[in-house]
Amino acid sequence: MRLLNLISSVLVLAATSLMLSGCAGLQSTTASATAKAITLADIHGSVFGGQQPIVGATVQIYQAGATGYGQGASGLISGGGVLSGSGGNFSITGLYTCTSGSQVYLVATGGNPGVGTNNNAALIAGLGLCNNLTSSSFVQVNEVTTVATVWALAPFMNDVNIGAPPSNQSGLASAFADVNTLVSTATGLSPGANLPIGTTVPSAEVYALADVLASCINSTGSGGGGACDRLFAYTTVGGVMPIDTLAAAINIARYPASNVNSILALVGATPPFATDFASANDLSLAVTFTGSGLNGPAAVAIDAAGNVWLANSGNNSVTELSHAGAALSGGNGYTAGSMAAPSAIAIDTTGNAWIANSGNSTLTELIPSGANAANSPFSGGGLSTPTAIAIDGLGNVWLANSGNNSASEFSPSGGALSAAISGFTAAGVSAPVGIAINPH
């Protein structure tokens, strides 16, 4: 993120929110795209600045890179792209091929929003898998699609260049999926279509951020102390001032607590996207999930597929959500394994979930389906009100015990490796609340 570090989403346990603040990326296994070229017949769309069509904008479709963060993207239309015409409309007909399994996105730069040419205007819309685009695809490129795309993909972006290394292509795919949670690229409005039940998108904040960008886009650009000059001044990082609205948006997403009030003050008296969002501590975006058995969630873990597991201390259960927030554990969560006030959870390399039960000082293991593993729950090993859990490189499970100032260790099969009554003790350990494994 900020300089493209590798955190893909931050999960905050409250109602359970997925924070999109330019902090992206769960590291994932390599996703190998099939090297097969796909020719698409036609993509229609329009480019708008707020509610005003932008005429003469250059529209290019890009394929995301696979060589590194913010690297390797390629423009697919020779000659630099096509121009938007009357009404901001554009059509891409038989002008490109893309690789099966790759992620693609549209960028529109420049053009006239009705007040004169604005060379500082840059808008983007993340489309997702190139395989999913058809000749009936319609894409609205505007400030709302720009906010959704940038906040989801900022860790993978270097201006218009979007990419990820081979080891995190599935993380990139998940980030593109987040775009469709925040916005419908067919309408240019928030939220996206077909959201899982219990999903709440901060559309009012998305629209406020879109209005901020619109203040610059619906102008003739920088110079003269106007909205673009102020936007670029407020989003300058390390002495480097953005030169277009896309770069400004990336800086806001990466540094969401910087100049918040000044940035929001750029929203005009009659903004193009109606919103009552006027103040905030920061400009990160949080998608919130409720239901699915969530009740007093105390801990969270993410498996190799990007599914989110939460330990619910309020109803002695575990909730599993897909990356998009769909309930995978039913309406009440998983309840096997005699869980009692679960306080911590970790996922091993086989996809099994290990849950520390502070209520009865036991350790529960659930297989990926949510069923109880053989011989689970486990006890002994000095377990006493465990508060934290971690798994080492051998698959052994370690727990911090606040009840007897110790640590417990269990084998991958659940056998206690630490002393039955006292666990592992050391001078100075008192009511431990966390544990981590040194990979070295």
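- Counting only distance, with no hydrogens or angles, the side chain of T145 and the backbone of N142 share a donor-acceptor pair below 3.5 Å.
- Two residues are said to be in side-chain contact when any heavy atoms from C-beta on lie closer than 4.5 Å; S379 and L363 fail this criterion.
- A donor-acceptor pair under 3.5 Å is absent between the side-chain atoms of Y255 and the main chain of T236, judged by distance alone.
- Nearest approach of T385 to S361, heavy atoms of both residues: N-OG, 2.8 Å.
- Each of W151, Y69, F176 was scored for a ring pair (Phe, Tyr, Trp, His ring centres under 6.0 Å) with F156, with one residue passing: Y69.
- F410 is linked by a ring-ring contact (aromatic ring centres under 6.0 Å, His included) to nothing, counting only residues two or more places apart in sequence or in another chain.
- With sequence neighbours excluded, the residues that form a side chain to side chain contact (heavy atoms under 4.5 Å, CB included) with A356 are S343, A344, P386, L399.
- The side-chain hydrogen bond (donor to acceptor under 3.5 Å, both in side chains) search around S322 returns none, not counting sequence neighbours.
- Annotation: side chain to side chain contact (heavy atoms under 4.5 Å, CB included) contacts of S338 (sequence neighbours excluded): P377.
- Looking at S46, its side chain never comes within 3.5 Å of a backbone N or O of Q140 through a donor-acceptor pair.
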Open item on the list: Is there a side-chain hydrogen bond (donor to acceptor under 3.5 Å, both in side chains) between S411 and N396? Walk through the geometry before answering.
Closed with: CA-CA 5 Å; S411 72; N396 295 330; 5.5 Å; no
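- Between I391 and W354, the closest side-chain pair of non-hydrogen atoms falls below 4.5 Å.
- With a 6.0 Å radius and a threshold of 12 heavy atoms from other residues, nucleotides or ligands, N332 has its CG atom at or below the threshold.
- In this structure a side-chain-to-backbone donor-acceptor pair under 3.5 Å is missing from S84 to V47.
- The backbone N or O of G293 lies less than 3.5 Å from a partner atom in the side chain of N315, making a donor-acceptor pair.
- Annotation: side chain to side chain contact (heavy atoms under 4.5 Å, CB included) contacts of Q71 (sequence neighbours excluded): T67.
- With hydrogens and angles ignored, the 3.5 Å screen pairs a side-chain donor or acceptor of Q169 with a backbone N or O of A164.
- The side chain to side chain contact (heavy atoms under 4.5 Å, CB included) test applied to A121 returns N118, I217, not counting sequence neighbours.
- Looking only at side-chain heavy atoms (C-beta outward), V183 and P191 stay at 4.5 Å or farther from each other.
- Under a 3.5 Å cut-off, the side chain of N161 and the backbone N or O of A73 do form a donor-acceptor pair.
- In this structure S203 satisfies the side-chain hydrogen bond (donor to acceptor under 3.5 Å, both in side chains) test together with S190, sequence neighbours excluded.
- Counting only heavy atoms from C-beta outward, the side chains of T109 and D244 never approach each other to under 4.5 Å.
- Checked by atom type and distance alone, the side chain of H323 pairs as donor or acceptor with a backbone atom of S174 at under 3.5 Å.
- Residues F378 and L383 are not in side-chain contact: their nearest non-hydrogen atoms beyond the backbone lie 4.5 Å or more apart.
- Closest approach of A336 and G370 over heavy atoms only: CB-O, 4.1 Å.
- When atom types are taken as modelled, the side chain of S376 and the backbone of G337 share no donor-acceptor pair closer than 3.5 angstrom.
- For the pair L285 and L182, the minimum side-chain heavy-atom distance is below 4.5 Å.
- Between the OG atom of S292 and the CD1 atom of I197 there is a distance of 8.5 Å, given to the nearest 0.5 Å.
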Task: Criterion side chain to side chain contact (heavy atoms under 4.5 Å, CB included) on L123 and L246, from CA distance to verdict - done: CA-CA 6 Å; L123 299 164; L246 179 57; over 6 Å; no
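- With hydrogens and angles disregarded, no donor-acceptor distance shorter than 3.5 Å links the side chain of T364 to the backbone of I355.
- Between G126 and T185, the shortest heavy-atom distance links the atoms O-CG2, 3.6 Å.
- The two residues I92 and V82 come nearest to each other via the heavy atoms CG1-CG2, 4.1 Å.
- Here F424 pairs with W398 under the ring-ring contact (aromatic ring centres under 6.0 Å, His included) rule; sequence neighbours left out.
- Side-chain N/O atoms of Q52 and N218 include no donor and acceptor closer than 3.5 Å.
- The closest side-chain heavy-atom distance from F232 to N120 is below 4.5 Å.
- F273 pairs by the ring-ring contact (aromatic ring centres under 6.0 Å, His included) definition with Y207, not counting sequence neighbours.
- Residues that satisfy the side-chain hydrogen bond (donor to acceptor under 3.5 Å, both in side chains) test with S184, not counting sequence neighbours, are T187.
- Side-chain contact between L195 and T181: present, with at least one pair of heavy atoms (C-beta onward) separated by less than 4.5 Å.
- For the side-chain hydrogen bond (donor to acceptor under 3.5 Å, both in side chains) test, residues two or more places apart in sequence or in another chain that qualify with N312 are S317, T319.
- Annotation for P432 and S406: closest pair CG-O, 3.8 Å, computed over non-hydrogen atoms.
- When every heavy atom of T146 is checked against every heavy atom of I124, the shortest pair comes out as OG1-N, 3.0 Å.
- To the nearest 0.5 Å, atom SG of residue C216 and atom CG of residue L231 are 5.5 Å apart.
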- [ ] Please lay out, stage by stage, how S74 and Q63 fare under the test side-chain hydrogen bond (donor to acceptor under 3.5 Å, both in side chains).
- [x] CA-CA 5 Å; S74 54; Q63 178 173 291; 4.6 Å; no
